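The next block holds one structure in the form of structure tokens; read it before the comments.
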Amino acid sequence: MLPEDVVNEVKTLDELLEEIIEKCRSAAPPYCEATCPLHLDVKGYVNLIAEGKYAESLALIREKLPFPGILGRICSHPCETECQRGKVDQPVAVRALKRFVADREETPHWDLTIANEKKEKVAVVGSGPSGLMAAYELRKRGYRVTIIEALSQLGGMLRWGIPEFRLPRDIIDKELGIIDKLGVVVKLNTRIGESITLDDLAKDYEAVFLATGALKSARLGLDGEDLQGIYHGVELLRSDRGYSEVDPVTLRTNLENVFAGGDAVTGPRSVVEALAMGREAAISIDRFVRGEDLSVDRDQEEFYKNPLEMEIPSGLQKLDRTPAPMLPVEERKGNFKELELGFSENIAVKEAQRCLSCECLACKKSCEFLSHHDMNPREFAEKLMQDYSAKLTVPFSCNICNLCGKMCPEGLDTGKLCHEIRKKAVNDGLAPLPQHKSVHSHQKWGTSWIFKLDMADPQNKKETSRVFFPGCNLPSYSPDLVVKTYNYLRDKLPGTGIILNCCGSPTYLIGEMARFQQILDGIEKQMRSLGASEIITACSKCYYILKNNLPQWKVSPLYGLMVDIGLPEGVPEKFNRVFSIHDSCPARYEEELRQGVRAVMDGLGCDIEAMEFSGEKTRCCGGGGMIAAVDPALFAKAKARRTGETLNDIVTYCAGCRDNFASLEKGALHILDLVFNPNWEQDRMKPPGSGKQRWRNRWDLKRQLKKL
């Protein structure tokens, strides 16, 4: 349940859905994918290798990269720079793993499907990485593509600028075979300005992409690099022709249908960056031919800021990165054999298993609901956006504990969304669900005259300035604790009345807001009949509900008040065991309530060992959101998870939470047991009462109070 400022922030259901879909970081790519200029699904293909699914891994790579064997050898691997495994030991050897799956394939299994054949023709000048990628992408879109290459073979700087011991020529020939298989026309030994002019191309083709290469090396900034006899690699191979001026976003030149990219525009860059620019050019050309805006939504193509935030799991075993085997030195003499030999299968699988599978699962890891349904908030919101009523039991099986919103870096709250869905379902006549019959029955009888009571202090009936509101769970658990607490308050604060009623939390949680308001109106009527101005609550749910929905009265938690007015005399000065405090979900945003409970425990001399998930990050006991009736299996899982998070007896200030723990034979007490129950040590293992017994307890409480 949410704090007042969030409750008062009015958002429609559609706004909540759109916010989660837009901001949920579960859709954010891993660091490696975001940094990769081609945005390969690195995590995906590495994990497939770890599972021994090599063909599937290669197919996933080829969805964005048609040349995995080439890039698996010469990629500058910026993905490895951002690999989070590097914060533990060393980055995963991503490039070598890409090569591994490419090398295993003897006969290429290329996807040669193309979109519907188009009439428009596109010329690509130059067959280096940028030109090859542009030609591939445009042909896959159905365009009639012609590559015009000045030299005798395809490849550009892949073939002429990289030594064979790093990139064997047979690998180039094998991988560039897809260009021919797709039906791209290739014109070799054709130099622009000699056998054909740029003007001719611009007239004969709907679009032209100039990818002629840098033809000039980048300066290294080293002492002596300009001395006589020192040659830069590209100048050694080719003559300098300068760079083209283009729009940096769209790659369009001053000629309407001519685009330029690759090293000719940027100067020497890595192969993977050149490939990415070729894809960007294909996108621009496709939009140009279609008559679409070339510049809209272009900021996510090559490099972008990744919103992913992920904590490195603690306690990870350090696993050293496996270096790639190298050709022995004695076998390198007098030849250009490939130096790096590639991974064996055993090494590749072992290396792939080092991947941390980075993703934002802060909410899912903490939320039994999202984990149980194996979904992240974005996926959930997308399904609800399509048809919110398709499977209503799902949003009705959320605890609405709001831990997800506390753990989410964006503060996105799936519980709040589920509550809005429940309210809509009620308004649309689709809910409450048949499983909510027991909730209806509870609310009907719990708020009836049979169990309700509003009574002034029997010793001071004319001056009721405050009332004690024990709620319904505490009276169901122990009428004796209610009576003793009330007598204590009357003794310390004469004129304290008492109201027996339910705050309406069950009705609120299943989305019946009209009925919920009726219950609040009933409490308001009881308060006015007594003339009180303050409500003292023993239950965290009641505190939250009344504080946020009856602002005309002061609502005070019992426990801080007990410290202020003094604890009862006669309580043990020391308890012979260590306790852990369970904060119920509504107390997540109620620091005053939580601190009051701890002050009472401290005043009692209790030894407390904090649970990992407590305070603002407390976990649900399992019973929140009225899910027990809708999804008993999820209720059992959540209850068992929370119960198993401490070896100590649990002290809570919600009797419902106490009974959920006790149902699993866990030592559990209500905090008032430690104050008023001399048999607390035996009763800590007392199982929860049956439904019939709980109703009887509430009836007996009303009778006892009337006798005061």
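None of these values were measured; they are calculated from a predicted model.
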According to side chain to side chain contact (heavy atoms under 4.5 Å, CB included), who are the partners of [X], at least two apart in sequence or on a separate chain?
X      : value
Val394 : Phe369, His373, Met375, Phe380, Lys391
Ser465 : none
Pro688 : Asp659, Ala662, Ser663
Pro475 : Pro470, Val482, Arg698, Leu701

Could you verify whether a donor N or O on one side chain and an acceptor N or O on the other, from [X] and [Y], lie under 3.5 Å apart?
X      : Y      : result
Asn487 : Arg490 : yes
Asn548 : Tyr589 : no
Ser371 : Arg641 : no
Tyr544 : Asn549 : no

Of the options Gln518, His436, His440, Gln517, which is the one that meets Glu512 in a side chain to side chain donor-acceptor pair (under 3.5 Å)?
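Answer after filtering Gln518, His436, His440, Gln517: His440.
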Roughly how far apart are [X] [atom1] and [Y] [atom2], rounded to 0.5 Å?
X      : Y      : atom1 : atom2 : result
Glu590 : Gln595 : CD    : CD    : 12.5 Å
Thr414 : Leu370 : OG1   : CG    : 5.0 Å
Leu474 : Thr537 : CG    : OG1   : 11.0 Å
Met385 : Glu18  : CE    : CD    : 5.0 Å
Ile536 : Lys554 : CD1   : NZ    : 9.0 Å
Lys462 : Asn460 : NZ    : CG    : 10.0 Å

Pick out which of Lys686, Arg684, Lys666 makes a side-chain contact (heavy atoms from CB on, under 4.5 Å) with Arg658.
Lys686
Side chain to side chain, [X] and [Y], heavy atoms closer than 4.5 Å:
X      : Y      : result
Phe396 : Met626 : no
Val600 : Val563 : yes
Asn402 : Ile400 : yes
Pro568 : Val675 : yes
Pro557 : Glu592 : yes

Is the count of non-hydrogen atoms from other residues, nucleotides or ligands lying under 6.0 Å from [X] atom [atom1] greater than 12?
X      : atom1 : value
Gln704 : CD    : yes
Lys492 : NZ    : yes
Gln693 : CD    : yes

Could you please spell out the steps behind the side chain to side chain contact (heavy atoms under 4.5 Å, CB included) verdict for Ile545 and Leu520?
CA-CA 9 Å; Ile545 288 286; Leu520 292 176; 4.2 Å; yes
Answer yes or no: is there a donor N or O on one side and an acceptor on the other, between the side chain of [X] and the main chain of [Y], under 3.5 Å?
X      : Y      : value
Tyr559 : Ala538 : yes
Thr643 : Ala640 : no
Arg594 : Ala587 : yes
Lys702 : Lys452 : yes
Arg466 : Ile535 : no
Asn399 : Gly624 : yes

Apply side chain to side chain contact (heavy atoms under 4.5 Å, CB included) to residues Ser357 and Asn47 and explain how you reach the verdict.
CA-CA 8 Å; Ser357 297; Asn47 285 344; 3.1 Å; yes
Under a 4.0 Å N-O cut-off, is there an ion pair linking [X] with [Y]?
X      : Y      : result
Arg642 : Glu368 : no
Arg378 : Glu382 : yes
Lys416 : Glu420 : no
Asp583 : Arg598 : yes
Lys364 : Asp374 : yes

Quick one: do Asn501 and Thr447 satisfy side chain to side chain contact (heavy atoms under 4.5 Å, CB included)? Show the steps, please.
CA-CA 6 Å; Asn501 203 342; Thr447 58; 3.5 Å; yes
What do the steps show when you test Ser556 against Glu534 for side chain to side chain donor-acceptor pair (under 3.5 Å), and what is the final call?
CA-CA 7 Å; Ser556 303; Glu534 181 181 4; 2.7 Å; yes
So which heavy atom on [X] is nearest to which on [Y], and how close?
X      : Y      : result
Leu509 : Arg422 : O-NH1, 2.8 Å
His582 : Thr652 : O-OG1, 3.3 Å
Cys502 : Ile519 : O-CG2, 3.3 Å
Tyr388 : Leu430 : OH-CD1, 3.4 Å
Glu645 : Phe613 : OE2-CD1, 4.1 Å
Thr464 : Val467 : CG2-CG1, 4.1 Å

Could you please spell out the steps behind the side chain to side chain contact (heavy atoms under 4.5 Å, CB included) verdict for Ile523 and Trp553?
CA-CA 11 Å; Ile523 297 172; Trp553 286 289; over 6 Å; no
CA sep, side-chain torsions, deciding dist, call: Trp680, His670, ring-ring contact (aromatic ring centres under 6.0 Å, His included):
CA-CA 9 Å; Trp680 67 268; His670 193 282; over 10 Å; no
Using the six-membered ring wherever Trp is involved, compare the ring planes of Trp695 and His442 and label them parallel, tilted or perpendicular (cut-offs 30° and 60°).
tilted
Can you list the residues that meet the salt bridge (charged side-chain N to carboxylate O under 4.0 Å, His left out) rule with Glu379, with sequence neighbours excluded?
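Partners of Glu379 by the salt bridge (charged side-chain N to carboxylate O under 4.0 Å, His left out) criterion come out as none, since no residue qualifies.
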Got a sec, which pairs hit ring pair (Phe, Tyr, Trp, His ring centres under 6.0 Å) with one end in residues 471-494, sequence neighbours left out?
Tyr488-Phe676
